[in-house]
Every structure is written in structure tokens, then in C-alpha cells.
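The structure under discussion appears below in the form of C-alpha cells.
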Amino acid sequence: MAKGNNKDHRPDLVHLVFSLTISSDGAVPVHYKTYPGNRTDDTTQIETWNTVKEIAGRSDFTYVADSKVCTSKQLLHIVSNGGRVITVMPNTWRETKIFKQELLTKKISRKVILKRQTPESDYDSEYFSFFSGDYETIDDGYKIYWYLSSEKKRLDKHLRQKRVLRAGSRLTELSLKLNKRDLKTEEKISQEIEAILNKYKVKDFFKITVSKNTEEIRMQG
């Protein structure tokens, strides 16, 4: 047990990282291990894959994991040892930014490959679309498939609106504190604004200009 950065923002609590690997046919547990709470997920994948390879007695199985396995070091280790891996590419990769920019500048055809009832609802439905085209990672040439999930699109929109509203509230609070204490210079005000926009990741949705207004007051002695 160790202190780390958990999702509940409770750095005062000790916790652990629980790694669990299951089979695809019925979610049968294959391997598990616990780590100290300050161990990040992206440092456990190689050890886990090596262990599963020993259990399976071969390396050509398909290892499915979340975006934590999507680092050059881990992907190279699995592939160079005869393994196969399916994962989700994080938004921090250049390839995601390039593809999103393509979507803004040109029309890319896509085809609906699955429609189903939303698991959490008896009435709503969702669909998944596949974008046509051949895509690979820039450095290593791994195959990329781009998909659109209607449910994720809806959730992303909802979360984006929440971030915008929270940032707007923080900016309003900031405006009431101008010219007080540490908010008396244009540089300091701009820094505070930048910090708010970065915290909520909404820089693209706000255009803020900080200007100086000087008033001259004459008093008769």
C-alpha cells in the first residue's frame, strides 16, 4: 500500500493497483497481481504480458488492453516477441491530432457497422461507424482503425459542456477579484486566466482579451 494519485482526488489515502487479466471466452481470470498505489498502469503491461505468455505457452495470442499499453516501448516489446495487441490510441499521440484535423478539412466516408440498444437503457440505441482509409502510426507503422461511437460522442459533448460551464464560473469569480491583492497586473491576470482554461481544457472555446483602462482623477487641494 502506498500513497498515489487516485481518481477520487484523495492523496491522503493509501491504496493499491490491482492488475487482472481475463480470457475472452467467458471472462475467466488468467492472472492477477497487486502493486503499490504509486505504481502507474503503463509500467505493468510488459510484466503482465510476459507472465501470460508463460501461462499460455505461446506468444501469438491477442492481448487486449486499454490505452495504458499504448506506448512505443510496450508495443515494441509485445510485437518483437511474436505477440499481437489491440488497444486504444490516446489523444496525446500525433496521429489522433492529424486525423481530427483531416475531419475538419475534408470529408472522410464512414460506414455504420453496428447498431444496438444502449446497455443502460431499454429505449435508446447507439451505433458504431468505421472510417474508410489506410492509416498507420508514424514511427512504427502499426495499423490504425478509426471508429465513431454515437454514445461516446454524446458523452464527450456532455462532459465538454460541463467543463465550459465550470470554466465560465471560475472566470466570473476571477473578474470580481481584479485589481485586488495579486491581481493588479496584466501579466498576473493573464496567468490566472491561462491556468483556468488549462485546468478545464477549454482554451479552444474562449477568446479572452485583457486590456488596461487608465482613469485620471483630478482633485483640488
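Heavy-atom basis, side chains included; hydrogens, waters and symmetry copies ignored. Since the structure is predicted, the reported quantities are computational estimates derived from the model, not experimental observations.
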Q: For the pair Arg160 and Lys201, evaluate side chain to side chain contact (heavy atoms under 4.5 Å, CB included) and give the outcome as yes or no after the intermediate values.
A: CA-CA 9 Å; Arg160 186 165 56 248; Lys201 301 178 182 179; over 6 Å; no
- Query: Taking it one step at a time, do Ile22 and Val30 satisfy side chain to side chain contact (heavy atoms under 4.5 Å, CB included)?
  - Reply: CA-CA 5 Å; Ile22 61 176; Val30 174; 5.6 Å; no
Task: Audit row: Ile113, Tyr127, side chain to side chain contact (heavy atoms under 4.5 Å, CB included) steps and yes/no - done: CA-CA 8 Å; Ile113 57 174; Tyr127 65 84; over 6 Å; no
Check: Given Ile98 and Tyr135, is the side chain to side chain contact (heavy atoms under 4.5 Å, CB included) satisfied, shown in steps?
Finding: CA-CA 11 Å; Ile98 293 173; Tyr135 300 94; over 6 Å; no
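Here Lys33 pairs with Glu47 in a salt bridge; the nearest charged N to carboxylate O distance falls below 4.0 Å. Glu126 and Arg154 are not joined by a salt bridge, as no carboxylate oxygen comes within less than 4.0 angstrom of a charged side-chain nitrogen. Here Glu192 pairs with Lys188 in a salt bridge; the nearest charged N to carboxylate O distance falls below 4.0 Å.
Using a distance-only test at 3.5 Å, with no hydrogens or angles considered, a donor-acceptor pair links the side chain of Arg84 to the main chain of Asp60. For the pair Arg39 (side chain) and Thr43 (backbone), a donor-acceptor distance under 3.5 Å is present. Between the side chain of Thr44 and the backbone N or O of Thr40 there is no donor-acceptor pair closer than 3.5 Å. Under a 3.5 Å cut-off, the side chain of Ser149 and the backbone N or O of Lys152 do form a donor-acceptor pair. Side chain of Ser132 to backbone of Arg110: no donor-acceptor contact under 3.5 angstrom is found. Not a single donor-acceptor pair under 3.5 Å links the side chain of Ser125 to the backbone N or O of Arg116. No donor-acceptor pair under 3.5 Å is formed between the side chain of Thr87 and the backbone N or O of Val69. Looking only at distances, a side-chain donor or acceptor of Asp66 sits under 3.5 Å from a matching main-chain atom of Lys68. At least one donor-acceptor pair closer than 3.5 Å links the side chain of Ser59 to the backbone N or O of Asn81.
Linking Ile, Leu, Val, Met, Phe, Trp and Tyr whenever their side-chain heavy atoms come within less than 4.5 Å leaves Val88 and Leu20 in two separate clusters. Leu159 and Val164 fall into different hydrophobic clusters, where Ile, Leu, Val, Met, Phe, Trp and Tyr side chains are chained together by heavy-atom contacts under 4.5 Å. Hydrophobic clustering of Ile, Leu, Val, Met, Phe, Trp and Tyr side chains at less than 4.5 Å, counting indirect connections, unites Ile189 with Val202. Using a 4.5 Å cut-off between side-chain heavy atoms of Ile, Leu, Val, Met, Phe, Trp and Tyr, with links allowed through other members, Ile208 and Phe205 fall into the same hydrophobic cluster.
Remark: aromatic rings of Tyr35 and Phe18 are distant, center separation not under 6.0 Å.
With sequence neighbours left out, Tyr147 forms a ring-ring contact (aromatic ring centres under 6.0 Å, His included) with Phe130. Listed by chain and residue number, Arg10 satisfy the side chain to side chain donor-acceptor pair (under 3.5 Å) test with Asp12 (two or more places apart in sequence, or in another chain). Annotation: side chain to side chain donor-acceptor pair (under 3.5 Å) contacts of Ser19 (sequence neighbours excluded): none.
A pairwise comparison of heavy atoms in Gly83 and Trp49 identifies CA-CZ2, 3.8 Å as the closest pair. Taking both residues in full, the closest heavy atoms of Leu174 and Ile196 are given as CD2-CD1, 4.2 Å, listed atom of the first, atom of the second, then distance. Across Ser175 and Thr172, no two heavy atoms sit closer than the pair OG-O, 2.5 Å. When all heavy atoms are compared, the tightest approach of Val17 to Pro36 is CG2-O, 3.7 Å. Annotation for Ile108 and Glu102: closest pair CD1-OE1, 3.8 Å, computed over non-hydrogen atoms. Contact between His31 and Thr51 at its shortest, heavy atoms only, is CD2-CG2, 3.4 Å.
Using a 4.5 Å heavy-atom threshold, the side chains of Asp140 and Val79 count as separate. With contacts defined as side-chain heavy-atom distances shorter than 4.5 Å, the pair Trp93/Ile138 does not qualify. The shortest distance between side-chain heavy atoms of Phe61 and Val52 falls below 4.5 Å. The shortest distance between side-chain heavy atoms of Tyr32 and Thr21 does not fall below 4.5 Å. For the pair Val85/Thr62, no side-chain contact is recorded, criterion being any heavy-atom separation below 4.5 Å from C-beta on. Inter-residue side-chain proximity for Ile193 and Phe206 is flagged as unmet; no heavy-atom pair is nearer than 4.5 Å. Arg170 places a side-chain heavy atom less than 4.5 Å from the side chain of Tyr200. At a threshold of 4.5 Å between non-hydrogen side-chain atoms, the residues Phe99 and Ile144 do not count as touching.
Geometrically, Lys143 engages Tyr145 in a cation-pi contact defined by less than 6.0 Å to the ring centre and at most 45° from the axis.
Rounding to the nearest 0.5 Å gives a distance of 11.0 Å between CG of Asn38 and CG of Leu16. The CG atom of Asn50 sits 11.0 Å away from atom CD1 of Ile55, with the distance rounded to the nearest 0.5 Å. Atom-to-atom distance recorded for Ser67:OG and Asp42:CG is 9.5 Å, nearest 0.5 angstrom. To the nearest 0.5 angstrom, Thr185 atom OG1 is 10.0 Å from Asn179 atom CG. Taken from CD in Glu95 to NZ in Lys97, the straight-line distance is 10.5 Å, to the nearest 0.5 Å. Here the straight-line distance linking atom CG of Leu165 with atom NZ of Lys162 works out to 9.5 Å at 0.5 Å rounding.
With hydrogens and angles left out, the side-chain atoms of Asn91 and Lys100 include a donor and acceptor closer than 3.5 Å. A side-chain N or O of Gln45 and one of Tyr63 form a donor-acceptor pair less than 3.5 Å apart.
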